[in-house]
Amino acid sequence: MGLHDAGVTVGRNGVERYAPTRINVVICGAGVGGLLAALECYRKGHSVTVLEREPRMSIVGDVVGLNPAALSTIQKYPYLKENMPLKFHDCPISYYSYHGEFITSAMPEWRGSDVEANSGLGIVGQIITRPNHAEVMLAQIRQLGIPIVWGKKVVKYGEAPKDGPAFAETEDGERFEADVIIAADGIHSASREIVKGNVPPVQRTGYYAARTGFSRSDLPDLGPKCHHLFPGDGEADINRVYIGKSSHHVVSTSKDYKEDPSEGTSTNLTPEDVIAVMGDDWDPAVLKLIRHSPGSIVNWSLNFRNPHRHWTSPGGRVVQLGDAAHTFLPTSGNGAVQAMEDAISIAECLRQGGKENVGWSTQVHNVLRYQRVTTIQRTAFVNQDDLDGVDVKEALRRGPEFKVRWGRWMWSHLPEEYAADHYWDALTAIQTGKTFENTNLPPGHVFEDFTMEQELKRQKLKIPSGLKKNGDWTIA
Ligand SMILES: Cc1cc2nc3c(=O)[nH]c(=O)nc-3n(C[C@H](O)[C@H](O)[C@H](O)COP(=O)(O)OP(=O)(O)OC[C@H]3O[C@@H](n4cnc5c(N)ncnc54)[C@H](O)[C@@H]3O)c2cc1C
C-alpha cells in the first residue's frame, strides 16, 4: 500500500486529512517531537491528545538546527507552509580559527539543491529558535483543535498484557488510556521502565557546553574591534564557529533570540571561569564579548545514552520518540531533526497498519528508524573531531574545503514516503524473524552499532573515524 491509497478530505485550515483510522493516540510531551507527532497523527486520521508537564509553553530557549528531512511534511499544513519559513535565520555558518582568522563561510548544504526546490517551503534556513518553532507549531495545533492538557507530568507507562490499550499515569494520579501512547517526554522519560531490553543509563561524556544569551541592549559598547560581531544595525543574524583548541565557541546573534540562562540544570559560571578553561589566546573580540556578557553562564553537562535497539513496550502499545528513544549531542545538529523524522514515521506506520496492527506498527517504525538514528548519533563524535581536534593551520589552508559535513543522504530523506514504501516488507521481516535491510542510510553503508565509550577512546587515541567513509556521504 502506498501513500495515496486512502481517501483524503480537506479539513480545517486547508489540511488534507486521511480517512479516520479509529486509532487513538496519547502523546506525552509537547516538545519538538511531540508537537509534530500530534500534527502528523491528526493528519493521518488518528485521534490525538497531548499531555505536557509544564503549565504552559515555554517562551524561552535556544536555537535548533532543522533540515529539509525534518521539514518534509510542513508543506502539508498551509498555515505552517506560510509561517514556518519566516522564522528561519537565513545566514551562513562562518568558521574562524580560535585566534579569529577567517576560514570559510557556508550556507546549508541543501541550499540550491533539488531537495530544497522540492520541499515546497521555498528557502530552508538551518536555524530556528525553539520558542519561534514552538509558537508556530502550537498555533497550528490550536487551529486544528488538537487538545493539549498542560501541567500533566507522566510518571508511569503501561499496557494491558494481551493486545489491550496502553496507559500513561500522571503525578496527580490521573490515568490516560489509548490504543498507543507515544512517550515524547525527553531523556528522563519514565517509559524506559517498560521498553524491551535493558535501557542503558544516561552518562556524562565529560564534555560541557557553557552557554549564555542576552539582549544586545544589555551589552555595553565593546568598541570598534568588536563591531564585526554585530554587523549592520547590530540586529542581523550571524552564526560564527571558532574552532581548533580542544573546544569550539559559537557566537550567534539575531534580533529575536530570547534566552533564559536560568533554564540550565547544571552549575553557573562567571565569564572568568569560562576564560580560565578556554585560555586567553582566543580572538580578543570573543574574549571581550564573554567578559562583558550580562547575566550568568550556564555550564551544561553533555550527557549521552548509548543506543538501545528497542523503543517499544513488549506489546508495542507504548513507543518512545525523540530524545526519549535516542539522545543526541549538539555537534550532531540532529536531535530535533530526528525527533521530527520519528514523528512523521510513527504517524504513517500507524496509518499503514490500521487499528488491528497498532502493536506491530510501532515495532515496524522502530526497525525503520533505529539504524539511521544510531548512525547519525555517532556523527556527533566525528564532527567534534573536526571542530575541536582540528589542526588550525590545515583548516586555514583548506579554506572553503573546510566545514562540518552532513551529506545528502541525511537531509534528502523523506520519512513519510519511506514508512509508506517499506512498512509491509518490514512487518513481514519482523513477523518471520528475518533481517530488514534499511535504505535510509548512506548508499553503500554497512551499519555498525557503537558505544560512547568506543568513540571517546578513539578520540583520546586520536584515531580518525571511518564513519563518513563508510558509504556515500557526499553532498552533490
Ligand atoms: C545545548 C543543546 C543544544 C542543542 N542543539 C541542537 C541543534 O543544534 N540541533 C538539533 O537538532 N538539536 C539540538 N539539540 C537537541 C534538541 O533540542 C532535542 O534533541 C530535541 O528537542 C528533542 O525533541 P523531543 O521532543 O524528544 O524533546 P524535547 O524537545 O526536550 O521535549 C520534551 C517535552 O516533554 C516534556 N516533558 C518532560 N518530562 C515530562 C513528563 N514526565 N511528562 C510530560 N511531559 C514531559 C518537556 O517539558 C518537553 O516539552 C540541542 C540540545 C541541547 C541540550
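Ligands are counted one by one from 1 in listed order, and the atoms in each one are counted from 1 as well.
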- Task: Determine, using ring centers only, whether Tyr96 and Phe102 are less than 6.0 Å apart.
- Result: yes

- Query: Below 3.5 angstrom, do we get any N/O pair linking Asp323 and ligand 1?
  - Reply: yes

- Note on the structure: If you compare Arg130, Glu54, His133 by their heavy atoms, the one closest to atom 52 (C) of ligand 1 turns out to be Arg130

- Check: Tyr98 ring centroid to His249 ring centroid under 6.0 Å: no

- Query: Can you find an N/O atom of Arg53 closer than 3.5 Å to an N/O atom of ligand 1?
  - Reply: yes

- Query: Which atoms of ligand 1 are found less than 4.0 Å from any heavy atom of Gly322?
  - Reply: 26 (O)

- Query: With a 4.0 Å cut-off, would you call Arg53 and Glu171 a salt bridge?
  - Reply: no

- Proximity to ligand 1 by part of Leu66, non-hydrogen separation under 4.0 Å: neither

- Item | Any protein heavy atom nearer than 4.0 Å to atom 30 (O) of ligand 1 | no

- Message: Among all the protein's non-hydrogen atoms, which is closest to atom 48 (C) of ligand 1, and how far away is it?
- Response: Glu52 OE1, 3.6 Å

- Per-atom contacts of ligand 1 with Ala30, taking only distances under 4.0 Å to non-hydrogen atoms: 49 (O)

- Message: Can you confirm if the aromatic rings of His445 and Trp409 lie within a centre distance of less than 6.0 Å?
- Response: no

- Query: Counting heavy atoms only, which of Ala183, Ala209, Gly31 comes nearest to atom 28 (P) of ligand 1?
  - Reply: Gly31

- Message: Please list, in number order, the atoms of ligand 1 under 4.0 Å from a heavy atom of Gly65.
- Response: 7 (C), 8 (O), 9 (N), 10 (C), 11 (O)

- Within a distance under 4.0 Å of any heavy atom of Gly33, pick out the atoms of ligand 1 and give their elements. 23 (O), 24 (P), 25 (O)

- Could you tell me if the ring centre of Phe167 sits under 6.0 Å from that of Tyr157? no

- Item | Check ion pair Lys44-Glu416 (N to O, under 4.0 angstrom) | yes

- Query: So is Val32 polar-close to ligand 1, meaning N/O to N/O under 3.5 Å?
  - Reply: yes

- Message: Test your reading of the structure: does Val154 have an N or O sitting under 3.5 Å from an N or O of ligand 1?
- Response: yes

- Message: Test your reading of the structure: does Ala339 have an N or O sitting under 3.5 Å from an N or O of ligand 1?
- Response: no

- Query: Salt bridge or not for Glu174 and Lys152, using N-O below 4.0 Å?
  - Reply: yes

- Query: Taking both backbone and side-chain atoms of Phe328, is any N or O found less than 3.5 Å from an N or O belonging to ligand 1?
  - Reply: no

- Query: If only atom types and distance count, is the side chain of Ser313 paired as donor or acceptor with the main-chain N or O of Val318 below 3.5 Å?
  - Reply: yes

- Task: Answer yes or no: is there an ion pair linking Arg408 with Asp114, defined by an N-O contact shorter than 4.0 Å?
- Result: yes

- Heavy atoms only: which of Leu51, Val149, Asp185 is nearest to atom 39 (C) of ligand 1? Asp185

- Task: Locate the shortest heavy-atom distance separating Asn440 from Arg372; write the atom from each residue and the value.
- Result: O-NH1, 2.9 Å

- Task: Taking atom CD of Glu82 as the centre, report whether more than 12 heavy atoms of other residues, nucleotides or ligands fall under 6.0 Å from it.
- Result: no

- Message: If we only consider heavy atoms of Cys28, is any one of them less than 4.0 Å away from an atom in ligand 1?
- Response: no

- Message: At under 4.0 Å between heavy atoms, is it the side chain or the backbone of Lys153 that contacts ligand 1, or both, or neither?
- Response: both

- Message: Under 4.0 Å from a heavy atom of Lys152: which atoms of ligand 1 are those, numbered in the order shown and with their elements?
- Response: 42 (N), 43 (C)

- Item | Per-atom contacts of ligand 1 with Ala184, taking only distances under 4.0 Å to non-hydrogen atoms | 32 (C), 33 (C), 34 (O)

- Message: Strictly below 4.0 Å, N to O, side chains only: are Asp386 and Lys468 in salt-bridge contact?
- Response: no

- Message: Taking 4.0 angstrom as the limit and counting only heavy atoms of Val337, give me the atoms of ligand 1 inside it, by number and element.
- Response: 11 (O)

- Under 3.5 Å: N/O of Ala336 near N/O of ligand 1: yes

- Is Lys153 salt-bridged to Asp185, cutoff N-O under 4.0 Å? no

- Item | Contact partition for Gln338 relative to ligand 1, non-hydrogen atoms under 4.0 Å | neither

